[in-house]
Amino acid sequence: MVSLELFPSWVFSSKTHLHPNPFSFCTRSTYNNNFPTFAPRLSLSSSNNFPLHSKSSSLSSVAPLEAILFDIDGTLCDSDPIHYYAFREMLQEIGFNGGEPISEEFFIVNISGKHNEELCGVLLPEWDFQKAMKFMDDKEAMFRRLAAEKAQPMKGLDKLCKWVEVRGLKRAAVTNAPKSNAELLISMLGLTDFFEIVILANECERAKPFPDPYLKALHALEVLPNHTFVFEDSVSGIKAGMAAGMPVVGMATRNPEKTLLNAGASFVIKDFDEPKLWSALEELETKAKAVVVAT
């Protein structure tokens, strides 16, 4: 087991909040109303089903709001430091970059937000694909060991979840992460009963930055993109959400705000407590009420 004392000081900054009853997700062939379900494979290779959403600094364009879609890593919790540490240690062990540890900047630019199949080509292009995927699987196992001790919810997450539940909005988690990682983080964050469905990119024909995972979530929840928005922390995720026809709120947990805005985020927040978010949600509700009165 790697000593947590080796982590750089910015990796973990506050106490961990864990769900008291971790669980195993149901498989795609088994359904239990107490757990979010993994959607079955659905072919959505065409992104022409929905128009691209134009960039706006407001969420009011989706009024009345029917659903919110959430990325997991870096959005529900600040897990990127743990991924960075695991990649840094394991890549150094195999002599990547001449045996020099990768920098945080290298991680943000080349690794963060990408799925493992893509990373095989980015980091290990000369390796056999199966060997490279074994390396990725080992890295994910290391991540889970560390995350089990240190992953923590994004500030304001509980407040936002209660806001969503009170309004009866539909919600799904949409991730490029492996299933085991999604299981662990959603359980630890106490969101077992919150999400109606979990969309795994590796169960889609194409992962983010393609829109397929988000199109699949819209289809599963039976909602339209013009009544839905997305929370995302990566460039690939923002591009995927926009390509599926939805506005995206960027989460600047590790990626620079300018980078997320350039990718197309409507606006950027650092956590779910930020007043900018709640002002936008209040504006959205005001517009929705005006629509109801007008009709």
Side-chain angles (χ1 to χ4, degrees), residues 1-19 22 71-154 175-189 200-202 207-209 232-237 251-256 259-260 270:
M1 180 69 181
V2 178
S3 172
L4 296 179
E5 295 178 357
L6 297 177
F7 280 87
S9 60
W10 56 268
V11 172
F12 305 121
S13 58
S14 59
K15 293 181 180 180
T16 305
H17 301 279
L18 303 180
H19 190 276
D71 175 48
I72 297 179
D73 276 303
T75 299
L76 298 178
C77 61
D78 189 7
S79 53
D80 267 5
I82 310 175
H83 283 292
Y84 165 63
Y85 179 80
F87 269 116
R88 190 186 71 180
E89 295 300 299
M90 291 192 61
L91 287 172
Q92 188 174 14
E93 285 182 9
I94 63 172
F96 183 86
N97 192 35
E100 292 295 317
I102 62 171
S103 66
E104 183 183 359
E105 180 182 3
F106 178 91
F107 173 82
I108 291 173
V109 173
N110 298 284
I111 297 176
S112 180
K114 294 182 173 66
H115 58 95
N116 283 342
E117 288 82 355
E118 181 181 6
L119 287 173
C120 287
V122 172
L123 300 175
L124 307 167
E126 298 180 358
W127 285 28
D128 172 78
F129 180 73
Q130 295 302 321
K131 179 182 178 182
M133 279 302 299
K134 176 62 166 58
F135 175 89
M136 296 299 168
D137 289 343
D138 290 344
K139 174 265 161 183
E140 298 299 354
M142 181 179 184
F143 166 81
R144 288 190 293 274
R145 290 195 301 272
L146 299 172
E149 300 177 14
K150 293 295 182 179
Q152 55 191 301
M154 195 66 68
T175 181
N176 269 0
K179 181 178 178 180
S180 295
N181 292 19
E183 291 175 346
L184 174 68
L185 293 177
I186 288 179
S187 173
M188 290 177 62
L189 295 172
L200 301 173
N202 61 13
K208 305 172 191 177
E232 268 283 0
D233 76 303
S234 69
V235 169
S236 64
M251 302 289 296
T253 46
R254 297 296 165 189
N255 285 305
T259 299
L260 301 181
K270 292 190 179 299

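Since this is a predicted model, take the numbers as computed values, not measurements. Worth knowing before you read on, the calculation uses all heavy atoms, side chains too, and leaves out hydrogens, waters and symmetry mates.
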CD on Glu89 to NZ on Lys139, rounded to 0.5 Å: 13.0 Å
NZ-CG distance between Lys150 and Asp78, expressed to the nearest 0.5 angstrom: 13.5 Å
In chain order, what residues pass the salt bridge (Lys or Arg N to Asp or Glu O under 4.0 Å) check against Asp71, with sequence neighbours excluded? Lys208
Hits for side chain to side chain donor-acceptor pair (under 3.5 Å) against Asn116, two or more places apart or cross-chain, chain-then-number order -> Glu140
Leu185 side, atom CG; Ile82 side, atom CD1 - distance, nearest 0.5 Å: 7.5 Å
Heavy-atom side-chain contact between Phe87 and Met136 under 4.5 Å: yes
Please identify each residue that fulfils side chain to side chain donor-acceptor pair (under 3.5 Å) with Thr175, with sequence neighbours left out. none
Close side-chain approach of Arg144 and Ser180, heavy atoms under 4.5 Å: yes
Just jot down the ring pair (Phe, Tyr, Trp, His ring centres under 6.0 Å) partners of Phe106, sequence neighbours excluded, or say none. Phe96
Kindly compute the distance separating CE (Met133) from CG (Leu119), expressed to the nearest 0.5 Å. 9.5 Å
Any idea which heavy atoms bring Cys120 and Ala132 closest together, and the distance? SG-CB, 3.6 Å
Per the salt bridge (charged side-chain N to carboxylate O under 4.0 Å, His left out) rule, what does the pair list look like for residues 115-134, sequence neighbours excluded? Lys134-Asp138
Looking at side-chain heavy atoms only, is the closest gap between Leu91 and Asn97 below 4.5 Å? no
Could I get the full list of ring pair (Phe, Tyr, Trp, His ring centres under 6.0 Å) partners for Phe143, not counting sequence neighbours? His83
Short question: side chain of Tyr84, backbone of Ile102 - any donor-acceptor pair under 3.5 Å? yes
With rounding to the nearest 0.5 angstrom, report the CZ to CD1 distance, Phe135 to Ile94. 4.0 Å
Heavy-atom closest pair (Gly113 atom, Ser236 atom, distance to 0.1 Å) is O-OG, 2.9 Å
Quick check: do Pro81 and Glu104 have side-chain heavy atoms less than 4.5 Å from each other? no
Kindly compute the distance separating CE (Met251) from CE (Met154), expressed to the nearest 0.5 Å. 4.5 Å
Short side-chain to backbone donor-acceptor contact, Gln92 and Glu100, under 3.5 Å: no
Exactly one of Asn202, Leu184, Leu200 should register a side chain to side chain contact (heavy atoms under 4.5 Å, CB included) with Lys179. Which one does? Leu200
Indicate the atoms forming the closest heavy-atom contact of Gly74 with Ser79, along with that distance. N-OG, 3.3 Å
Indicate yes or no for a side-chain donor-acceptor contact from Asn255 to the backbone of Asp233 under 3.5 Å, with no hydrogens or angles considered. yes
With Thr253, which residues qualify under side chain to side chain donor-acceptor pair (under 3.5 Å), at least two apart? none
